[in-house]
Amino acid sequence: MRVCVVYEKSETGWGAYTPGLPGIGVVGRSIEEVRESVKRAIEMHIEAMSEEDLVERETLGDFAELIDVGRDIPEDAHWAFLRRNGVNV
């Protein structure tokens, strides 16, 4: 199962949450710590869910899309940002 995880940097570390699985939110000092914590939280969360619940959660809304708005940001700028913030990519 693939789960969308949103990561956010704060002044004291990182946070992560899963839009498709309400109630999951973790914080930590490093991205690695947060990544491991969110994986554990997701595993615990889905263990108690039925297959029907999982299918419903995996299919959010009627549809989703990425749309182009404004100017393009070069891909290497994204990678550089992640490296500057301690993410091993």
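In this chain, residues are counted from 1 in sequence order.
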Check your understanding: Under the side chain to side chain contact (heavy atoms under 4.5 Å, CB included) criterion, do Y7 and I31 qualify, and how do the steps go?
Key -> CA-CA 8 Å; Y7 295 90; I31 190 72; 3.4 Å; yes

**Study point:** P19 versus V6, closest heavy-atom pair with distance
**Key:** CG-CG2, 3.8 Å

Check your understanding: Taking C-beta and beyond as the side chain, do E33 and W14 meet within less than 4.5 Å on heavy atoms?
Key -> no

Practice item. Measure the spacing between CD of E43 and CD1 of I24 and express it to the nearest 0.5 Å. Key: 10.0 Å

Check your understanding: Is V34 close to V27 at the side-chain level, that is, under 4.5 Å between some pair of heavy atoms?
Key -> no

